[in-house]
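Below you'll find the structure, written out as structure tokens, and then a few comments.
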Amino acid sequence: MKQVKIPQFHDQAESVRNQFVQALPVIVFFLFMFYSVIFLFGIEYTMVVSLGTLIFQVNYKKKNTYEQLLLLIPHHVFLMVLAYAATWNLPLCLILNLAVPFWLIFSKSSQFNQLGYFSGLMTFAFMQFMHVDWNGFLVQLEAMTLCSISSVIAILIYIMLDKKSAGIGTERKVMHLMGCIMKKFLDNEDFREDLTELFQYQRGIYQEAHQQRGKKHVVTSEGKLKYMFAILTQRTVYMIANQSPFIKPANDEEKNYAHILADYMIQAGNTDFLSGERTDEIRSLEEKGRRLLHRAEQEKEDFYKSMTNFFRMFLFILYQAKRKDESNMLMDEHWEIPPDQRLKERILAHFRPDTFEMRFALRMSVVLMTGMTVNMLFDEGHSYWFVMNAFLLLRPMYEDSNHRMLTRFTGTAAGCVLVTLLLPFCTSFASHLIIAGIMVVCMYTATPGTTIHAVFVTCFALTVTTLAMGETSAAFLRMAYVVAAVLFVLVINRFFFPTSLGSQFRYNFQMIFHMHHMYLRILENALTEPLDYWRLCDAQIQYHMVHAQIRQDLPKIEKEKEKQEYYYNILSVTWRMASEIQQMFFHVKYKKGTLEERRIMEQYIYYTDHVLNQIQEMLHLKKEKRIKNIEGMKYQRYIEGRPDLSELMAQYARNLSRLYVIVLRRYRQP
């Protein structure tokens, strides 16, 4: 038995040590600010230390620009001013606690970044807990400004001191892996595991593009490069995954060229080609790429055509990377969101009862309005513990919130017992601060949301609180308010616009089909009008983010392997369809067809709409409303004189039929 337990203990100790090392920058920052605020302003203003530490914790590992870091200071100071205004009277309290959660959740959060609101809304909520006069507010403002500035300075210091490499970018990993897959493909070796990894990287690049959102554009100039490379990756993955004849060499000369291409991809994987710097490595990459492109353009076989398409786009990305600092040139008018669409796309589109942002904003507003009203009307000095715990327990997803209710309750109970036993031996102010410091170290080392974390949070809070009141009274109040908060949030989560993992999964599944209809509308519009790259970029990034989230959540929703396989098949087919229609966009864009060609394509689109709607009906999903009547129309999935476009139309139609059969078989099961 001992031989079994010793390794387990060693593993646990190693895990705790690693967590401590990871949390060390945050611990050092908190302790420095904690003792600084006590010395400069007094212990009653230490609330701002947690807020400043959260700013540091959320941002110190991010690749924020200097402008983004500096904007954190006025952002949090402004939220503190709003919080102070909310304490003036009950009407203002209700109005601001309704409006601010909507503003922060709609602007900072999404179903893909669910906690983006947290740092800002925590500042707004926590600064309402202690009602102060004008002089007290000025002191709070000074303390908050100090913590905000210190957090930004600490982030900059951490960046300078962190000598570790930032790591290889996802785009470089993709190029290297594609080169390795190409070699295995040519040598008839198994590359299925590599292909699975490549799919993950492809989804990761779309996620990185999503994170690079701009004010006037869907993405910044750096995000545009990520997006274009994501398209190139998706096309290459699509051809490899389908064992496309376009990438299969037909003779020794083509095979030799393919080996050279594989080596070129591996070389690109060893080069930071999106940096925009004019290094010798990047110049060599460009020159070699132009030579390979020129050679491919001299040939007429399908294999060389696909190689030509790859090199044209990759060289264009290299050219664009050189201009990434010239954002005005890189982001032309086709990438800019029209002013009348910005409010609609970014805010108004979320004002529907089925969206993640709307449902969570409603729940959070109710929690803050109710909790702050209780805090304002009750005279008891620690009534803010009710709304504080309710705020921390309310999470976007029902399952996460329920888990935190359990861990918070048990952790608080254990923490109260521990404090009651420990604090009688701490008789001085200094001993309280030492114990508080030890609890901070343990608190940030523990995993957030666990029972252990809740124990140390409770111990820290009560250690500070008991400087002004007895430990028994403080522990009783803490426990009572946690119980009240748990019951309150339980009711809100269950009966007021609940969002569970299952309901979000179904919403995302609905979105997959809705976005295929959206793609068809974009394709239809592209027959006569120029492509709006901002709309196309937004649609593609959104599609792949939703697709990735469904794959991530599926094992949590469906435990049966058979049902998982069913959904994976649907996702696989719809992914191929998305890849095919995205290639159609550019074929249509570069060559506007005749009236007859447009008529064929329009009827093809309308038939596709109709079949997609039938599939949605079998899946019991909401159907699209704006669907054309196909009665009397002729369905044709090829266009004379357009072989590349016709091949994509035929392949898309075959995958649509495959999807219909997969769903129909399941639909007819008893």
Side-chain angles (χ1 to χ4, degrees), residues 234-235 238-239 242 244-246 302 305-306 309 510-532 535-536 539-540 543 569-668:
Q234 185 179 352
R235 291 181 184 177
Y238 172 79
M239 287 194 293
N242 287 282
S244 172
F246 293 132
D302 288 337
K305 285 182 181 179
S306 61
N309 292 334
Q510 170 74 49
M511 284 299 296
I512 285 288
F513 287 91
H514 170 72
M515 295 180 81
H516 273 285
H517 287 288
M518 186 190 300
Y519 278 150
L520 292 170
R521 300 286 73 75
I522 294 174
L523 182 61
E524 183 182 9
N525 189 61
L527 297 174
T528 55
E529 302 292 335
L531 272 176
D532 288 326
R535 188 179 294 281
L536 182 58
Q540 287 180 294
Y543 178 86
N569 285 338
I570 292 177
L571 291 174
S572 178
V573 174
T574 54
W575 181 87
R576 288 183 172 85
M577 290 167 61
S579 300
E580 287 148 4
I581 199 168
Q582 287 164 15
Q583 293 177 66
M584 287 188 218
F585 294 144
F586 296 99
H587 281 285
V588 169
K589 169 187 176 290
Y590 288 115
K591 185 178 179 181
K592 298 295 181 185
T594 63
L595 286 174
E596 177 61 17
E597 289 175 356
R598 288 205 300 270
R599 184 187 65 80
I600 293 172
M601 181 59 80
E602 285 173 352
Q603 293 186 355
Y604 175 87
I605 290 170
Y606 300 151
Y607 263 87
T608 303
D609 265 330
H610 180 73
V611 176
L612 278 172
N613 246 12
Q614 288 183 315
I615 294 171
Q616 287 169 251
E617 185 175 12
M618 287 188 289
L619 289 168
H620 305 291
L621 299 175
K622 184 171 62 176
K623 298 195 296 182
E624 299 296 310
K625 296 179 181 178
R626 300 178 182 179
I627 300 297
K628 298 275 187 177
N629 186 357
I630 62 171
E631 187 176 349
M633 290 186 183
K634 180 183 177 182
Y635 179 66
Q636 184 174 321
R637 57 187 194 181
Y638 66 90
I639 298 176
E640 294 291 342
R642 303 287 297 275
D644 293 341
L645 179 59
S646 297
E647 174 63 27
L648 287 168
M649 292 169 65
Q651 189 61 42
Y652 185 92
R654 283 193 287 270
N655 278 319
L656 182 63
S657 298
R658 192 173 295 127
L659 179 63
Y660 186 91
V661 171
I662 290 171
V663 176
L664 181 63
R665 284 175 180 169
R666 183 64 179 268
Y667 178 71
R668 286 181 172 176

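With a 4.5 Å cut-off on side-chain heavy atoms, Leu619 and Gln510 do not count as touching. Side-chain contact between Lys634 and Ile600 is absent, with no heavy atoms from C-beta onward closer than 4.5 Å.
Separating the CG atom in Leu621 from the CG atom in Asn613 is a distance of 10.5 Å, to the nearest 0.5 Å. Atom-to-atom distance recorded for Thr608:OG1 and Leu520:CG is 5.5 Å, nearest 0.5 angstrom. Met649 CE to Leu656 CG: the interatomic distance, rounded to the nearest 0.5 Å, is 12.5 Å. Rounding to the nearest 0.5 Å gives a distance of 8.5 Å between NE2 of His587 and CZ of Arg642. One finds the CG atom of Leu664 at 10.0 Å from the CD atom of Gln614 (value rounded to the nearest 0.5 Å). In this structure, Met584 CE and Gln651 CD are separated by 9.5 Å, a value rounded to the nearest 0.5 Å.
Considering every non-hydrogen atom in both Met515 and Ala539, the closest pair reads CE-O, 3.2 Å. Across all their heavy atoms, Met618 and Tyr660 have their closest contact at CE-CE1, 3.7 Å. Here the shortest heavy-atom pairing between Thr574 and Leu571 reads OG1-O, 3.0 Å. In this structure, Leu527 and Arg598 approach most closely via the heavy-atom pair O-CD, 3.4 Å. Of all non-hydrogen atoms in Ala526 and Val588, the two that sit nearest each other are O-CG1, 3.4 Å. Pairing each heavy atom of Tyr519 with each of Ala578, the nearest pair is CE1-CB, 4.1 Å.
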Candidate pair Tyr638 and Leu645, rule side chain to side chain contact (heavy atoms under 4.5 Å, CB included), full reasoning: CA-CA 8 Å; Tyr638 66 90; Leu645 179 59; over 6 Å; no
message: Working note: Tyr652 + Arg637, criterion side chain to side chain contact (heavy atoms under 4.5 Å, CB included); need CA distance, chi angles, decisive distance, verdict.
response: CA-CA 9 Å; Tyr652 185 92; Arg637 57 187 194 181; over 6 Å; no
- request: Take Phe513 and Lys622, measure what side chain to side chain contact (heavy atoms under 4.5 Å, CB included) needs, and give me the verdict at the end.
  value: CA-CA 10 Å; Phe513 287 91; Lys622 184 171 62 176; over 6 Å; no
- prompt: Hey, mind stepping through Leu523 and Met601 against side chain to side chain contact (heavy atoms under 4.5 Å, CB included) and telling me if it holds?
  reply: CA-CA 9 Å; Leu523 182 61; Met601 181 59 80; 4.1 Å; yes
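Remark: the backbone N or O of Arg235 is not paired with any side-chain donor or acceptor of Ser579 at under 3.5 angstrom.
For the side chain to side chain donor-acceptor pair (under 3.5 Å) with His517, the lone residue among Gln616, Glu624, Lys623 that qualifies is Gln616.
Taking the six-membered ring for Trp and thresholds of 30 and 60 degrees, His516 and Tyr543 have ring planes more than 60 degrees apart, a perpendicular arrangement.
For Arg654 and Glu647, the salt-bridge test passes: some basic side-chain N is under 4.0 Å from an acidic carboxylate O. Ion pairing between Glu602 and Arg599 fails under the 4.0 Å rule for side-chain N and carboxylate O.
There is a side-chain donor-acceptor pair under 3.5 Å between Tyr238 and Glu580.
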